Number of protein chains: 2
Amino acid sequence: MNEALNFAKELLKLRGLKQTSSRLQILSAIKEYNAAIPYSELQDTVIADRSTLYRTLNTLIDEGLIHKAKTEPNDTYYAMCGHECSSNSHSHQHLHFQCTICKRVTCEYLQDEIKIRLPNHQISSVEINAQGVCKLCVAV
Amino acid sequence: MNEALNFAKELLKLRGLKQTSSRLQILSAIKEYNAAIPYSELQDTVIADRSTLYRTLNTLIDEGLIHKAKTEPNDTYYAMCGHECSSNSHSHQHLHFQCTICKRVTCEYLQDEIKIRLPNHQISSVEINAQGVCKLCVAV
DNA sequence: TCACAAATGCAACAACGATGCATTTAAGAA
DNA sequence: TTCTTAAATGCATCGTTGTTGCATTTGTGA
């Protein structure tokens with residue numbers, strides 16, 4: 001009946017990856033968190049050596065299962081990727097939003113695509129981080 | 001005849017700040033670099049204790065003289081602010097661009113302003129980081 | 001030249017992130 | 001089910017970034 005765990009197992013099977021303890025724990029934790037999960041939360045939750053945690057996170061990123069979000073001043077968050085990501089390419093049509101009140105970090109998809117042009121530059125990737133007040137905290 | 005040093009002195013005088021050794025060194029170094037300067041470069045260049053370097057950088061940021069740019073995966077750069085910044089507010093109508101070839105980080109001002117709207121969110125600040133190939137490396 | 005607040009150097013500490021190496025484990029083959 | 005093997009893990013260790021407390025030094029204005 002552990003929904004997040006089943007999700008993690010399915011996802012690993014689908015991508016042809018080993019179902020190791022740390023992978024299952026990490027993916028479950030992210031799934032259950034319902035927002036980008038802070039590294040410290042993973043550290044507290046996942047039962048594994050710190051080096052294993054880092055290595056596994058990097059593996060999952062390389063495989064296109066999760067991605068990283070950085071916030072000011074210095075925190076790292078992890079979130080699930082969509083189906084469009086793979087070990088070949090991460091393509092994220094979203095930005096990362098951090099609420100200055102509750103500190104939650106979420107992936108927000110935009111209706112209008114953002115085009116950025118710089119004369120004489122070839123832009124290959126753009127990363128957008130926004131800060132403000134989220135819909136839950138606005139209501140208060 | 002040291003232009004960058006004179007610039008640093010003038011800037012500090014203009015803002016009513018003490019002309020200390022680390023401030024002058026840092027501002028001169030940034031001015032001379034002609035791009036956002038990596039922290040490691042400051043570390044190698046500025047003759048001061050590491051803690052002084054950090055404290056002074058934070059002071060200059062607080063006073064609105066410089067600002068920080070972060071790049072993937074984990075580097076911090078520092079650049080001059082425009083006149084519009086002060087100890088009260090940093091307002092940056094630009095993005096940070098890092099060339100994947102020469103690694104230089106520059107502040108790039110956009111002609112068309114970017115508006116980002118998220119339903120039910122109050123956005124207070126937006127930070128944009130772009131990666132690609134700069135005009136110098138494109139030519140090669 | 002003096003006084004004082006501010007800046008500095010030094011020491012120590014914490015967190016993040018990486019790596020080498022021996023051991024354990026997941027998963028497919030026999 | 002058992003065996004095999006590559007991959008994953010734990011442990012030890014290292015380096016960098018960033019912070020803080022405290023005694024000493026320095027810049028500036030009187």
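These figures come from a predicted structure and were not determined experimentally. So you know, we letter chains A, B, ... as the sequences are listed, proteins then strands, and number each from 1.
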Checklist entry - Quick one: A:Leu57 CG to D:dA8 P, roughly how many Å, whole number? => result 14 Å
Checklist entry - When clusters are formed from ILVMFWY side-chain contacts under 4.5 Å, directly or step by step, what else is grouped with B:Tyr77? => result B:Val105
Item to check | DNA chain D contacts made by residues 7-22 of chain B, counting heavy atoms under 4.0 Å | outcome: B:Lys18, B:Gln19
Checklist entry - If you group Ile, Leu, Val, Met, Phe, Trp and Tyr whenever their side-chain heavy atoms sit less than 4.5 Å apart, what else falls in with B:Leu136? => result none
Next on the checklist: Using whole Å, what does the distance between atom P of nucleotide C:dA14 and atom OH of A:Tyr39 come to?
Outcome noted: 16 Å
Checklist entry - With sequence neighbours left out, what residues match A:Phe97 under ring pair (Phe, Tyr, Trp, His ring centres under 6.0 Å)? => result B:His121
Checklist entry - Got a sec, which residues hit side-chain contact (heavy atoms from CB on, under 4.5 Å) with A:Tyr54, two or more places apart in sequence or on another chain? => result A:Tyr39, A:Arg50
Next on the checklist: Does A:Asn58 reach a base, just sugar-phosphate, or nothing at all? Heavy atoms under 4.0 Å.
Outcome noted: sugar-phosphate
Checklist entry - Reckon A:Thr56 touches a base, only the sugar-phosphate, or nothing at all at heavy-atom distances under 4.0 Å? => result sugar-phosphate
Checklist entry - Does any residue of residues 43-55 of chain B have a heavy atom under 4.0 Å from DNA chain C, and if so, which ones, in number order? => result B:Ala48, B:Asp49, B:Ser51, B:Thr52, B:Arg55
Item to check | Counterpart residues, side-chain contact (heavy atoms from CB on, under 4.5 Å), relative to A:Thr56 (two or more places apart) | outcome: A:Ser22, A:Arg23, A:Ile26, A:Thr52, A:Leu60
Next on the checklist: Tell me every residue that passes side-chain contact (heavy atoms from CB on, under 4.5 Å) with A:Glu41, counting only those two or more places apart in sequence or in another chain.
Outcome noted: A:Tyr33, A:Ile37, A:Pro38, A:Thr45
Checklist entry - Within 45° of the ring axis of A:Tyr78 and under 6.0 Å from its six-membered ring centre, is that where the NZ or CZ of A:Lys68 lies? => result no
Checklist entry - Got a sec, which hydrophobics cluster with A:Ile47, joining ILVMFWY side chains under 4.5 Å apart, including via others? => result none
Checklist entry - A:Arg23 has an atom CZ; how far is it from atom C1' of D:dA8, in whole Å? => result 7 Å
Next on the checklist: Rounded to whole Å, how long is the line connecting atom CG of B:Leu42 with atom P of D:dT17?
Outcome noted: 11 Å
Checklist entry - Over how many whole Å does the gap from B:Gln25 atom CD to D:dG27 atom P extend? => result 12 Å
